Amino acid sequence: VMGVPKDLAWKAANSRRGYWFTTHTVAINMAMTKERLRNKMTQSEWENSFEKEEREIIVLRHEGGGGSLRNGFWEWDEYFLAYVDCKTGELHKEEGRIAFPVTDTENLPYQFEDETIYKLRVREKLPEEVPNGALPIKNHFLVVEVLEKDVECPELEEILTEYRKPVVIQDDILGELTYDKQIKSFEGNILWLGGKVHISLYVDKDNKAGITKAKKVLKTMVLEQEKWDADLRSFAAKELTKLACEWAESDEEAAEITEESFAKRISLNLIWMTSGGSFTAYFDDDDLFFGHSITVCGSPKKGLLSADIEG
C-alpha cells in the first residue's frame, strides 16, 4: 500500500497503537507525503503519470479493488493475477492492477467481473521514486479501452484453474482448515470446552514455515485449553472489570460486576493466529460493553500482553 514495505504496513494495520505507529514511522510518513501529493493531481496530471505509448495485454482479473479520491476524480483500481503481453507473447505471473479515472462512483465506466479474462488496450505506469526500503508498484496499467471479454488464453486459463482449487489442510487436532484467498488466511473450527470456537491462521498459503509455527502454537492452546481458557478469562477480567463498571447503566448493575463475574460471563468465539505465533482471542461480552468484542492479545514467549474492546 502506497509503496510501504509489507511488514511495516502489517504492523501499522494490526498495532493497538496504530495511529501512533503510522504517524511516527519515517517510511510511512514519506509514503503518506507522496500520497498527499498524488491526491492533489488533476485527472490530466494523473493520466500523464502513465506512458504515452499504448499497448495490448490480456489480463486474468481475479478479485479485489476500489477507489481513491483524488483532485476532482476517483482513481479506481482493479486487481489481476497475471497477464500476457500481446506483442511479445510473454506471460507475466506477478499480480498487478489496472486503473481508470471515475467521476461518478455509482456509474463506473468499466465493470470488471471476478475470475474473468480480458483483452485491454493500456498505458503502463511510469517509474516512481519510493521511500528507502519500500517496494515499487509493479504491473500497474491505465485502461484505455476494453477490447474483449472472456478471451481464450490457455496460459491464463491454467492459472485460473489452479487459483480456483480449494487449499485445505487436514490436521489431527485442528481439523480441516480451508484457505480464504481474499483475506489470505486458513479458517476452521475447533471444539473448546464442549463448545465450538472459530480459528483463523493469518498465514499465506505458500508460507510453509509460518503455517507450521502457527499450527504448533494453536495446537498447544487446544491441548491445554482448560488452562488457556481460565488464563484468558482471568486476564481480561483483571484488565477490563473497572471499565465494565464505568459502562454499567446504573450503580446497582456496576456493583454486580466483579472480576469473578466478568470472567464467567464472557465466552470465547475466535482465536486469530499469525505466522509468528502471536494471537488474539475474541470473546463475546455478554453485553458488558453493549455488544463490543473483548480481545486478549499475546504470544507463547511473552505471554498475555493486553486486553481491550473492539468493534
Side-chain angles (χ1 to χ4, degrees), residues 1-16 18 21-22 25 27-28 31 59-66 77-83 91-98 114-115 130-131 133-140 155-190 197-222 270-282 295 297-302:
V1 180
M2 300 189 299
V4 177
K6 288 185 178 180
D7 58 336
L8 281 182
W10 187 93
K11 187 173 180 181
N14 292 279
S15 171
R16 289 181 66 230
F21 183 84
T22 54
T25 303
I28 292 180
V59 302
L60 170 54
R61 156 78 179 151
H62 59 319
E63 57 197 359
D77 292 312
E78 304 274 359
Y79 300 108
F80 62 81
L81 266 181
Y83 78 94
L91 171 65
H92 298 261
K93 293 186 178 181
E94 306 89 355
E95 293 186 24
R97 67 177 73 177
I98 47 178
D114 292 352
E115 301 184 7
V130 295
L135 297 175
I137 296 174
K138 289 184 175 181
N139 303 330
H140 191 183
E155 300 99 324
L156 295 181
E157 289 167 10
E158 184 178 340
I159 292 173
L160 179 57
T161 299
E162 192 64 29
Y163 175 78
R164 285 173 170 166
K165 290 180 181 178
V167 179
V168 179
I169 294 174
Q170 294 287 353
D171 187 88
D172 56 346
I173 295 172
L174 302 178
E176 183 175 283
L177 301 171
T178 303
Y179 190 68
D180 187 316
K181 297 181 178 71
Q182 286 189 299
I183 60 176
K184 296 187 184 299
S185 69
F186 287 91
E187 306 292 312
N189 294 289
I190 54 171
V197 169
H198 190 78
I199 55 174
S200 181
L201 277 64
Y202 185 63
V203 190
D204 187 272
K205 62 181 176 63
D206 297 319
N207 184 356
K208 305 303 182 186
I211 292 172
T212 299
K213 187 167 187 177
K215 283 172 55 182
K216 182 180 179 181
V217 175
L218 190 50
K219 285 198 280 189
T220 299
M221 295 179 75
V222 173
L270 165 67
I271 300 174
W272 184 86
M273 184 74 62
T274 72
S275 59
S278 298
F279 62 84
T280 302
Y282 289 80
T295 60
C297 301
S299 70
K301 289 184 178 179
K302 297 181 180 180

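Predicted model, so just to flag it, every value in this text is computed and none were measured.
Of all non-hydrogen atoms in L60 and L160, the two that sit nearest each other are CD2-N, 3.8 Å. L201 and L177 make their closest contact through CD2-CD1, 4.2 Å (heavy atoms, listed as atom of the first residue, atom of the second, distance). Nearest heavy atom pair, residue A214 against residue V203, reads CB-CG2, 4.0 Å. When all heavy atoms of L174 and I190 are compared, the pair lying nearest together is O-CG2, 3.9 Å. Here the closest heavy-atom approach between residue H140 and residue D77 is recorded as NE2-OD1, 3.8 Å. The two atoms that bring G277 and P300 nearest to each other are O-CD, 3.2 Å, heavy atoms only.
For the atom pair OG1 of T212 and CG of N207, the computed distance is 8.5 Å after rounding to the nearest 0.5 Å. Between the CG atom in D204 and the OH atom in Y202 there is a gap of 9.5 Å [rounded to 0.5 Å].
Applying the ring pair (Phe, Tyr, Trp, His ring centres under 6.0 Å) test to H198 and every residue at least two apart in sequence or in another chain returns nothing. In terms of the salt bridge (charged side-chain N to carboxylate O under 4.0 Å, His left out) criterion, D180 has no residue partners (sequence neighbours excluded). Under the rule for a ring pair (Phe, Tyr, Trp, His ring centres under 6.0 Å), the partners of Y83 that lie at least two apart in sequence or sit in another chain are F80, H92, F141. Shown here are the salt bridge (charged side-chain N to carboxylate O under 4.0 Å, His left out) partners of K165, two or more places apart in sequence or in another chain: E162. Remark: T178 pairs with V168, E176 by the side-chain contact (heavy atoms from CB on, under 4.5 Å) rule, at least two apart or across chains. Residues forming a side-chain hydrogen bond (donor to acceptor under 3.5 Å, both in side chains) with E115 (at least two apart in sequence, or on another chain): R164. Checked against salt bridge (charged side-chain N to carboxylate O under 4.0 Å, His left out), E94 has no partners two or more places apart in sequence or in another chain. Under the side-chain contact (heavy atoms from CB on, under 4.5 Å) criterion, E63 pairs with D114, Y163, K181, Q182, sequence neighbours left out. Applying the side-chain contact (heavy atoms from CB on, under 4.5 Å) criterion to S278, with sequence neighbours excluded, gives T274, S299. A search for side-chain contact (heavy atoms from CB on, under 4.5 Å) contacts involving T280 returns W272, Y282, T295, C297, not counting sequence neighbours. Remark: Y179 pairs with F186 by the ring pair (Phe, Tyr, Trp, His ring centres under 6.0 Å) rule, at least two apart or across chains.
Side-chain atoms of K93 and I159, non-hydrogen and from C-beta on, do get closer than 4.5 Å to each other. Side-chain contact between Y79 and E95 is absent, with no heavy atoms from C-beta onward closer than 4.5 Å. V222 is not listed as a side-chain neighbour of I271, based on a closest heavy-atom distance of 4.5 Å or more.
The backbone N or O of E78 lies less than 3.5 Å from no partner atom in the side chain of R61, so there is not a single donor-acceptor pair.
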Hey, mind stepping through R97 and N139 against side-chain contact (heavy atoms from CB on, under 4.5 Å) and telling me if it holds? CA-CA 6 Å; R97 67 177 73 177; N139 303 330; over 6 Å; no
Please report the C-alpha distance between I173 and L218 in whole Å, then the side-chain angles of each, then the deciding distance to 0.1 Å, and finally whether the side-chain contact (heavy atoms from CB on, under 4.5 Å) criterion is met. CA-CA 9 Å; I173 295 172; L218 190 50; over 6 Å; no
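For residues 206-216, the pairs satisfying salt bridge (charged side-chain N to carboxylate O under 4.0 Å, His left out) are D171-K215, with sequence neighbours left out.
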